[in-house]
Structure formats: structure tokens, C-alpha cells
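Worksheet: one structure, shown below.
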There are 2 protein chains.
Amino acid sequence: MRKKNTVARTPSTTSRAIPGAGRRVTSYDVALLAGVSQSAVSRCFKPGASISQATHAKVMQAAISLDYIPNAAARSLITRRSNLVAVIISNLANLYYPQVLSDLSQQIARQGKRLLLFTLEREADIGKVLCDVWQYQVDGAVVAACLSDEQMAEFGRRDVPLVLFNRSPREHAVHAVLCDQAEAARLLVSRLAEAGHRQFAIIDGPGDSAVAQERKAGMLDRLLSLGLPAPIVVSGNYDYASGGRGLRKVIDRLGRVPDAVICGNDIMAIGCLDTARHQMGIQVPLQMSVAGFDALDASGWLSYDITTLRQPVQKMATDAVAMLGELMERRGGSAERRRYCSYLVEGSTARLTVEQPYFGMMAAA
Amino acid sequence: MRKKNTVARTPSTTSRAIPGAGRRVTSYDVALLAGVSQSAVSRCFKPGASISQATHAKVMQAAISLDYIPNAAARSLITRRSNLVAVIISNLANLYYPQVLSDLSQQIARQGKRLLLFTLEREADIGKVLCDVWQYQVDGAVVAACLSDEQMAEFGRRDVPLVLFNRSPREHAVHAVLCDQAEAARLLVSRLAEAGHRQFAIIDGPGDSAVAQERKAGMLDRLLSLGLPAPIVVSGNYDYASGGRGLRKVIDRLGRVPDAVICGNDIMAIGCLDTARHQMGIQVPLQMSVAGFDALDASGWLSYDITTLRQPVQKMATDAVAMLGELMERRGGSAERRRYCSYLVEGSTARLTVEQPYFGMMAAA
DNA sequence: TTGTAAGCGTTATCAT
DNA sequence: ATGATAACGCTTACAA
């Protein structure tokens with residue numbers, strides 16, 4: 001019955017109803033040419049299989065002359081491993097941290113896996129995407145987007161190892177690498193408060209960014225516990241323009257320049273800074289401090305030198321894939337949640353130490 | 001014989017030698033539960049197959065209750081379509097144009113395909129990557145990296161539609177979307193020359209960037225044909241620091257400030273500009289013009305407002321996938337090469353018009 | 001070490 | 001409209 005298969009494979013049978021292509025080269029073709037069995041061919045492509053030098057050579061020669069490459073679909077059907085890793089990332093995250101995707105890609109390749117990429121225009125699209133993920137029987141997934149509890153549970157049910165990237169799962173049994181955004185935000189507020197800032201303003205990130213919500217929550221939390229006046233909170237959407245717009249709204253609402261503006265990310269901080277300096281003539285940091293989050297490359301440029309919080313994103317990406325790798329090898333293992341700390345990059349857009357009083361007076365004048 | 005399969009699928013057979021997972025849910029399980037044949041189940045998941053309402057409902061209900069999702073590997077084995085599109089992109093390109101990857105991803109998803117991503121640390125890695133591409137039987141590929149003629153030919157031999165992104169194939173029969181880098185560079189040089197710049201300097205991109213080479217060639221070409229003095233050429237690697245370093249080298253070699261510095265991309269232009277203004281006290285554009293390529297978001301920020309050339313990358317990405325889509329539908333079609341023009345963004349870092357003489361004198365003073 | 005044969009989970013081609 | 005049944009191209013016992 002398989003014989004029939006072998007016969008059907010002679011070059012004479014050319015006409016096929018398949019739309020485009022001429023027949024594909026299979027391991028049978030190679031076997032025929034090399035004068036060995038099909039399984040011998042298969043073994044030649046399996047590292048560490050028992051094969052004699054002689055046949056290996058014959059097979060490889062035949063394979064090369066036919067341009068033969070094993071078919072991953074057929075292989076994964078029988079081995080039940082696709083060697084695919086899904087990466088699900090929101091568009092936002094990709095645009096602001098292109099480095100992350102590059103790192104994930106490198107690390108996944110290093111593990112001998114391929115990367116199936118899904119980007120989300122809106123986080124709400126994740127349902128459809130997951131359906132694709134299941135179809136392709138990925139061996140694991142790194143997700144930098146919001147999953148519902150039910151969605152996380154489905155990974156468990158389908159035995160697909162999952163590592164969340166920068167999302168804190170409510171559900172306990174989920175692996176994650178994450179940066180404590182709220183704690184970072186608290187740290188920043190504390191440092192600014194110590195340096196004497198009292199009236200804060202927050203230019204918040206978009207509502208569908210989990211990271212933005214955590215940052216805001218951390219700020220509000222610490223401001224409250226320090227007994228400082230309620231901050232002005234305006235919303236932005238992480239882009240340059242909303243930094244400038246946000247600052248204008250803040251000043252409008254407050255009737256004056258706040259002591260410190262904390263922006264949900266560095267892009268907005270840069271926008272805010274540019275508007276303050278170039279359009280409103282505000283001296284930063286003398287009259288007002290500006291701080292952001294992320295420590296982008298641009299944040300360190302001479303024209304900005306933003307005071308910001310750096311997340312070790314590269315390390316996080318590397319570790320996420322390493323974690324996933326272990327999960328894929330020996331499935332199971334207890335849920336691990338690896339936390340990373342942001343650290344403060346003390347740029348020059350915020351006063352972080354108490355000035356001599358008269359300096360402060362002069363600046364205000 | 002298939003019967004055996006059906007039997008083997010009763011819940012009683014639980015023990016399997018497969019490492020981790022319990023048995024997967026297959027269409028046989030669904031068929032059994034719904035009380036129909038396996039092929040009926042298959043048809044239910046094929047859009048536009050002939051199925052009665054009644055059975056469709058029964059099957060879907062069973063499928064949902066079992067969490068059944070068709071297996072893409074098995075499907076692609078028989079249909080000879082993986083519904084995968086490979087995207088091969090150099091790390092460089094991804095970091096500087098994250099938008100491109102996002103756009104490609106969206107468009108590929110819109111065509112009902114999934115994106116298999118390969119990023120290249122070095123362009124030399126492409127050989128290994130291609131091997132993976134063949135294994136996974138992708139339906140098509142978008143490549144933003146350098147391919148040898150032989151490599152392009154292999155796409156043809158294997159009947160995998162290919163669209164090059166921003167690489168001009170020497171080979172004729174290859175589809176591509178590209179931006180004429182050399183022409184853009186010539187345009188820029190001409191405009192600067194018209195405005196009176198004579199001594200040019202070039203801060204070149206890295207040697208393994210095809211785009212950088214084309215840009216440089218275009219500049220040199222036009223400078224020569226205009227009979228202008230030979231430019232100082234120093235090499236950079238597309239990052240911020242090499243912009244500043246490049247400027248210092250240029251001034252070192254020239255013994256004075258050049259009339260115009262053209263940088264291989266905007267990041268270097270920004271670095272050059274920052275160093276000129278903040279560290280060397282050079283007035284831009286009064287004493288020296290600075291220009292770049294790409295029109296990044298950052299190039300438009302108030303602190304910079306770089307004079308630069310914009311490539312319609314978003315449109316290019318969209319069109320590349322559209323082209324690929326057509327190729328995948330009705331295979332074949334004549335090789336199309338879609339060219340796009342860069343257009344000049346007249347920022348404020350370069351003089352583009354002839355100043356009144358005495359203004360020029362004042363500036364120099 | 002090698003060959004034989006039984007799947008892996010689908011879709012496609014037939015009859016019915 | 002539905003159900004048998006034969007591929008698809010591979011890996012992996014098992015036997016030789």
C-alpha cells in the first residue's frame with residue numbers, strides 16, 4: 001500500500017491536479033536515488049540516529065542533488081512538536097520596544113525554534129489570534145499582551161507552556177517575567193518628593209495599556225501616603241504629541257506650572273519637555289521637573305537627558321525565552337514569576353536633590 | 001484500518017508513551033460525539049463546503065465542547081499550503097523601522113496568513129534561515145535582507161513567491177518594492193549644492209547595509225557630476241554615537257567645519273547635530289548644514305527638525321504584502337518592480353535656499 | 001545497521 | 001448531503 005506510494009513517485013507521473021507546483025521532492029525520492037529505504041533517509045536527518053557512514057554519505061549526496069529538505073509539517077504531525085514558538089505582542093509594545101522583539105527572535109532561534117509572530121492592533125483582537133496559535137500547535141508562547149484568566153487557563157488545558165512578558169497574571173499558576181511598574185513609580189515619586197516637589201501632574205498612558213495603569217496606580221498610591229496634594233491627571237496615548245498636549249492641559253487645569261510632571265513613558269516626556277522649553281519658555285528643571293519611564297535610546301540624547309526609569313528589557317527578553325525553553329523541555333515545573341527592578345536614570349530634567357533655598361527662589365523669579 | 005484509529009480513540013486508551021501531553025482532540029473525537037463521520041467534521045471547518053444546517057450545528061456543538069481546533073500541520077500536509085508567510089529582516093532594519101514589521105504583520109494577518117519571523121543578526125546568517133524557510137513550506141516570503149542570485153533562484157525553483165523589500169535585485173525575474181536611495185541622495189546633494197554648499201562631508205552607514213551603499217553612491221555620483229570638491233567620507237554604524245564621532249573625524253580630517261554633512265540615516269544626523277550644537281558650539285544651519293535619511297518620528301521633534309528624506313515605508317509594506325498576495329493566489333505573473341520616491345522633508349537643519357550674501361557673512365562672523 | 005509497516009490528523013475523491 | 005477511503009511526507013517501533 002505504501003508501495004503504491006513509492007511507485008506513484010516515479011518521475012513519469014507528472015500531471016497532478018494541484019494548482020501550482022510540480023511534485024515536491026520527498027524522502028522517497030531521495031531513498032530511490034540513493035538506493036536505500038525511506039526510513040534510512042529519515043534517520044540521516046535525525047541527529048544521533050544510528051546510521052553507517054556509507055549510507056549517510058550516499059543519502060546526503062542524493063538529498064543535495066535533489067534539493068531535498070524535510071517537510072516540517074509532516075514531521076510535526078508525528079513528533080507532536082512543531083518547533084514553533086508564538087510571540088504575541090501589542091503593536092504599541094513593538095513600536096516602543098523594537099529591541100524586545102529582536103531579542104526574543106534571537107533567543108528563540110538559539111533554541112532551535114522558529115518564531116510565529118502575532119501583533120495586536122488592539123488588545124481585544126487576542127481571541128482570534130489565540131485560535132491561530134492553537135491551530136499551529138506551537139510548542140510554547142511568549143505573550144506581551146493582556147490575557148483573561150480563561151485565556152491563560154486555556155494554555156494550561158492545551159499543554160502549551162506560556163510565559164507572560166511584563167504582565168502580572170492574577171492567576172497564580174502562570175509563568176511571567178515582569179518589571180514592577182508600580183514600585184518603580186513609587187520610587188520616582190518618593191525621590192521627587194524628597195527633593196521638595198509638592199504639586200505633581202501625571203500625563204497618563206492609554207487606558208488599554210496595563211503597564212500604564214500600574215505606573216499610575218503606583219504614583220497615586222505613594223502621593224497619597226506622603227500626604228501630598230492630589231495630582232492633576234491627564235491622559236495621553238504614549239506618543240510625542242500627547243506629551244505637549246498633556247502639559248498644556250495640566251497648566252490649564254492647575255492655573256500654574258506644576259512642580260513635577262511624570263509622564264507615562266519617555267516619548268511623552270520628550271514631547272512635554274520640548275513643548276515646555278521651546279514653546280512655553282518653561283525652564284526645566286528649574287521651574288518644573290519632567291520625568292518619564294523606559295529609558296529609550298532617545299532619552300539619553302544630549303538634547304534631552306531625560307530623568308527616567310530603565311527596565312532591563314533585554315535581560316527580560318532573554319530570560320523569558322530561557323524560562324520557556326525549560327518549560328518546553330521538561331514540561332511542568334512550578335510557576336515561576338521573575339521580577340525585575342527598574343532603576344532610576346538620573347538625567348537632567350528633574351531636580352532630585354534639595355536645592356539651597358535661595359537658588360530655588362531665584363529660579364522661581 | 002482507519003477503523004482501528006477510531007477505536008484507539010476511545011477515552012479508555014489513556015496511557016501513551018508521548019512525553020508530556022494527554023491525547024490531542026482530533027476530528028474523530030468530534031465525529032464520534034456528534035454522531036457523524038469524520039469527513040463531515042472536516043467539511044464543517046471548510047468555508048463553503050456543502051453541509052446541512054443540522055449536521056453543522058451538531059458538529060460545532062461537539063467541537064466546542066471538546067475544545068477542538070483543526071491541526072494546521074495535518075491540513076497543510078494535504079493541501080500543500082501552510083498559510084505561513086516568512087518575513088526575513090535584518091536586525092538593523094527592524095530596530096530602525098519597527099513600523100515596517102508591524103505593518104507587514106497586520107497586512108499578512110489580513111490575508112489570512114501567519115507570519116514566520118526571521119531576524120538576522122548579520123546578513124551572513126541568511127543561509128541557515130533559508131533552510132528553515134524551506135522546511136516550513138511557507139506560501140511566500142518578504143525579504144528585507146541581501147540575497148545572492150543563487151538564493152533568489154532557489155525561491156523560483158521551490159515555487160515560493162518572493163517579494164524583496166528595499167533591495168534591488170540584480171536578477172531580473174524577482175519582485176520587489178523599493179525606494180530609489182541613490183536618486184534620493186542625488187536630489188539631496190543637488191538641493192544643497194544649489195543653496196551654495198560646496199564642501200560636503202558624508203557620514204556613511206555600515207558596510208553591510210545595502211541601503212547605505214546606494215545612498216553613498218548616489219551622493220558621490222552627483223557631487224562628481226556637479227564638479228564639487230571631493231567630500232570627506234567617514235564611516236558610521238547607524239547609531240547615535242557614530243553621528244557625533246563622525247563629525248569630529250570629519251572636522252579633524254578637513255581642518256575646518258564643512259559646509260554640509262549628510263548622514264547615512266537620521267539617527268546619525270541627530271547625533272551629529274547634538275554634538276555640533278551642544279559640544280562643539282557649531283551653529284546649525286548657519287555655519288553648517290546637517291541632513292539625514294528616513295524621517296523618523298524623532299527627526300520631527302521640536303529639538304531637531306532634521307532635514308531628511310522620507311521613504312513611504314508604510315505604503316511600501318502594505319504594497320509588498322499585496323503583491324505577495326497576488327503571487328500566492330495565481331502563481332506566476334511577470335516580475336514586477338515597484339519603485340517609490342523619497343521626498344524631501346525640509347527641516348531646519350540645512351539651508352536649502354541661497355541666503356543674501358551679507359546674511360551669510362554675518363552668520364560666519 | 002537496515003528495511004517494513006503503522007500511524008500522525010487532516011483534506012479530497014469518490015460513490016452513495 | 002454524507003460516508004468510506006486514499007493520500008499528504010514524515011518518524012518510529014519492530015523485525016531482520
Side-chain angles (χ1 to χ4, degrees), chain A residues 1-9 13 16-19 21 23-32 34-56 58-59 68-83 134-137, chain B residues 1-9 13 16-19 21 23-32 34-56 58-59 68-83 134-137:
Chain A
M1 186 229 251
R2 258 313 175 195
K3 275 279 169 54
K4 186 173 163 197
N5 198 341
T6 315
V7 168
R9 289 189 179 302
T13 12
R16 280 190 124 282
I18 301 297
R23 260 197 24 357
R24 287 186 183 165
V25 178
T26 74
S27 53
Y28 281 92
D29 301 301
V30 177
L32 208 65
V36 298
S37 74
Q38 181 272 333
S39 45
V41 175
S42 173
R43 278 190 277 262
C44 283
F45 286 88
K46 176 178 177 156
S50 73
I51 272 279
S52 74
Q53 291 286 343
T55 44
H56 183 88
K58 273 193 300 186
V59 167
Y68 168 74
I69 304 249
N71 181 322
R75 167 180 294 161
S76 91
L77 201 52
I78 184 92
T79 61
R80 320 182 105 159
R81 315 198 106 232
S82 60
N83 286 318
W134 310 137
Q135 288 205 18
Y136 281 86
Q137 316 274 337
Chain B
M1 186 226 246
R2 260 308 175 197
K3 275 278 168 53
K4 186 173 162 197
N5 198 341
T6 315
V7 169
R9 288 187 181 303
T13 12
R16 281 191 121 281
I18 301 296
R23 259 190 40 333
R24 288 185 184 166
V25 177
T26 74
S27 51
Y28 281 93
D29 301 300
V30 177
L32 208 64
V36 297
S37 74
Q38 182 272 335
S39 35
V41 175
S42 174
R43 276 190 280 262
C44 284
F45 286 87
K46 177 178 175 155
S50 72
I51 273 278
S52 73
Q53 291 286 343
T55 46
H56 183 87
K58 274 193 299 185
V59 167
Y68 169 75
I69 305 250
N71 181 323
R75 167 181 295 162
S76 92
L77 201 52
I78 185 88
T79 61
R80 295 154 164 266
R81 312 198 109 232
S82 60
N83 287 318
W134 309 137
Q135 288 205 19
Y136 280 86
Q137 316 273 336

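Note on naming: letters A, B, ... go to the chains in the order of the sequence lines (proteins, then strands), and numbering restarts at 1 for each one. Worth saying up front: this structure is predicted, and the values here are computed from it rather than measured.
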Tell me, which of residues 35-42 of chain A have any heavy atom that sits under 4.0 Å from an atom in DNA chain D? A:Gln38, A:Ser39, A:Ser42

Whether [X] contacts [N] is assessed here as follows: a side-chain N or O lying under 4.0 Å from the phosphate OP1 or OP2. Is that the case?
X       : N      : answer
B:Ser52 : D:dT2  : yes
B:Ser50 : D:dT2  : no
B:Ser27 : C:dT10 : yes

Interatomic distance, [X] [atom1] vs [N] [atom2] [rounded to whole Å]:
X        : N      : atom1 : atom2 : value
A:Trp134 : C:dG9  : CH2   : P     : 18 Å
B:His56  : D:dT2  : NE2   : C1'   : 16 Å
A:Phe45  : D:dG9  : CZ    : P     : 15 Å
B:Arg81  : C:dT10 : CZ    : C1'   : 16 Å
A:Lys46  : C:dT1  : NZ    : C1'   : 15 Å
B:Leu77  : C:dA12 : CG    : C1'   : 13 Å
A:Ile78  : D:dT11 : CD1   : C1'   : 5 Å
B:Asn71  : C:dC8  : CG    : C1'   : 8 Å

If you check every side-chain atom of [X], which of [options] has the closest atom?
X       : options               : result
A:Arg24 : D:dC10, D:dG9, C:dG9  : D:dG9
B:Arg43 : D:dT11, D:dG9, C:dT13 : C:dT13
A:Arg80 : C:dT10, C:dC8, D:dT2  : C:dC8
A:Arg75 : D:dG9, D:dT11, D:dT2  : D:dT11

Partners passing ring pair (Phe, Tyr, Trp, His ring centres under 6.0 Å) against B:Tyr136 (at least two apart in sequence or in another chain):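 Per chain and number, B:Tyr136 pairs via ring pair (Phe, Tyr, Trp, His ring centres under 6.0 Å) with no residue.
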
To the nearest 0.5 Å, what is the distance between CZ (A:Arg24) and CZ (B:Arg80)?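 One gets 5.5 Å once the value is rounded to the nearest 0.5 Å.
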
Drop me the distance from B:His56's NE2 to B:Arg43's CZ, to the nearest 0.5 angstrom.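 CZ of B:Arg43 is found 13.5 Å from NE2 of B:His56.
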
A:Thr55: what forms a side chain to side chain contact (heavy atoms under 4.5 Å, CB included) with it, not counting sequence neighbours?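 Only A:Val36, A:Ile51, A:Ser52, A:Lys58 meet the side chain to side chain contact (heavy atoms under 4.5 Å, CB included) criterion with A:Thr55.
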
Base, sugar-phosphate alone, or nothing: which one does B:Thr55 contact when heavy atoms must sit under 4.0 Å apart? sugar-phosphate

Using a heavy-atom cut-off of under 4.0 Å over every strand shown, decide if A:Tyr68 touches base, sugar-phosphate, or nothing. sugar-phosphate

CA sep, side-chain torsions, deciding dist, call: A:Asn83, B:Gln135, side-chain contact (heavy atoms from CB on, under 4.5 Å): CA-CA 11 Å; A:Asn83 286 318; B:Gln135 288 205 19; over 6 Å; no

Walk me through it: do B:Val30 and B:Val59 pass the test side-chain contact (heavy atoms from CB on, under 4.5 Å)? CA-CA 7 Å; B:Val30 177; B:Val59 167; 4.1 Å; yes

Please check: side-chain N/O of A:Ser27 versus main-chain N/O of A:Val41, any donor-acceptor pairing under 3.5 Å? no

